[in-house]
Each structure stands twice: as structure tokens, then as C-alpha cells.
Amino acid sequence: MDVRLNAWVRGRVQGVGFRWWTRARALELGLVGSASNRPDGRVEVVAEGPREKCEQLLKALRSGETPGHVESVGEQWSDARGDLTGFIER
């Protein structure tokens, strides 16, 4: 059963290739969703797919191997809506 992960990434994550990097990791994992800059400086990541794959993406976001500098990652889990295709940067 697929799930939806909403993650909010705080730190120096805008203008450093973070969304592109996140999209590449998500596509490698076969996830759909988006990575969007927020007005408050965070990046919001929405991903849908198998829970194990979403957890791998979350682990990657927290790995310290991202572009820029991640201070914290908030997460929220819910049932997949099935309304996403591809993985886009906004």
C-alpha cells in the first residue's frame, strides 16, 4: 500500500541545488511528487509510493549528503492520494 510523505526541510536549502538533488533521489526510488521552495526559506517535499521507499528518501534528506545545509526535517505521513505523476521542482 502506498503512502504520502510530507517533509519540511529547514536550513540553507534554497538556491543550492537541493530541489534538483531531491528530485533525482526520488526518481531513483520510483517515487512521485514534488519539491517546492516555501516563502519562509524551507523546502517542502511531497512524495508518494511504498512506505519503505519514502523512508529511504527521508533518510537521504537527513543524511548530511544534500546540497546546502539541512538543519532539521519535519515529517507527516498520510495515505497516498494517487493524484501525482512524475516528480517536479516548484
Which atom names give the shortest non-hydrogen contact between [X] and [Y], and what distance separates them?
| X | Y | answer |
| --- | --- | --- |
| C54 | A47 | SG-O, 3.9 Å |
| R4 | D83 | NH2-OD1, 2.8 Å |
| G41 | V13 | O-CG2, 3.7 Å |
| S63 | A60 | OG-O, 2.7 Å |
| G17 | P67 | O-CG, 3.7 Å |
| A26 | L57 | N-CD1, 4.2 Å |

* Taking the side chain as every heavy atom from C-beta outward, state whether V3 and L5 have any pair of such atoms under 4.5 Å apart. => no
Do E65 and R25 touch side chain to side chain, with heavy atoms closer than 4.5 Å?
no
Count I, L, V, M, F, W, Y as connected when their side-chain heavy atoms are under 4.5 Å apart, and connections chain through other members. Are L27 and V9 then in the same cluster? yes
### Query
Got a salt bridge between R38 and D40, using NZ or NE/NH1/NH2 to carboxylate O under 4.0 Å?
no
For this session: For the pair E55 and K59, find out whether any cationic side-chain nitrogen is under 4.0 Å from an anionic carboxylate oxygen.
Result: no
Considering residues, nucleotides and ligands other than W77, do more than 12 of their heavy atoms fall under 6.0 Å from its CH2? yes
query = Would you find more than 12 non-hydrogen atoms of other residues, nucleotides or ligands less than 6.0 Å from R51 atom CZ?
reply = yes
Q) Counting N and O atoms only, with roles assigned by atom type, does the side chain of R23 sit under 3.5 Å from a partner on the main chain of F87, one being a donor and the other an acceptor? A) yes
Item to complete: Please lay out, stage by stage, how D2 and E48 fare under the test side-chain contact (heavy atoms from CB on, under 4.5 Å).
Response: CA-CA 7 Å; D2 286 353; E48 283 192 0; 5.7 Å; no
Gap separating the [atom1] atom of [X] from the [atom2] atom of [Y], nearest 0.5 angstrom:
| X | Y | atom1 | atom2 | answer |
| --- | --- | --- | --- | --- |
| R42 | S72 | CZ | OG | 8.5 Å |
| R19 | Q14 | CZ | CD | 7.5 Å |
| L31 | Q56 | CG | CD | 8.5 Å |

Test side-chain contact (heavy atoms from CB on, under 4.5 Å) applied to L61 and V70, step by step | CA-CA 8 Å; L61 295 175; V70 173; over 6 Å; no
inquiry  = Between Q76 and W8, is the side-chain contact (heavy atoms from CB on, under 4.5 Å) condition met? List the steps.
reply    = CA-CA 9 Å; Q76 178 180 331; W8 295 271; 3.5 Å; yes
Grouping ILVMFWY residues whenever side-chain heavy atoms fall under 4.5 Å, the cluster of V46 otherwise contains V32, L84
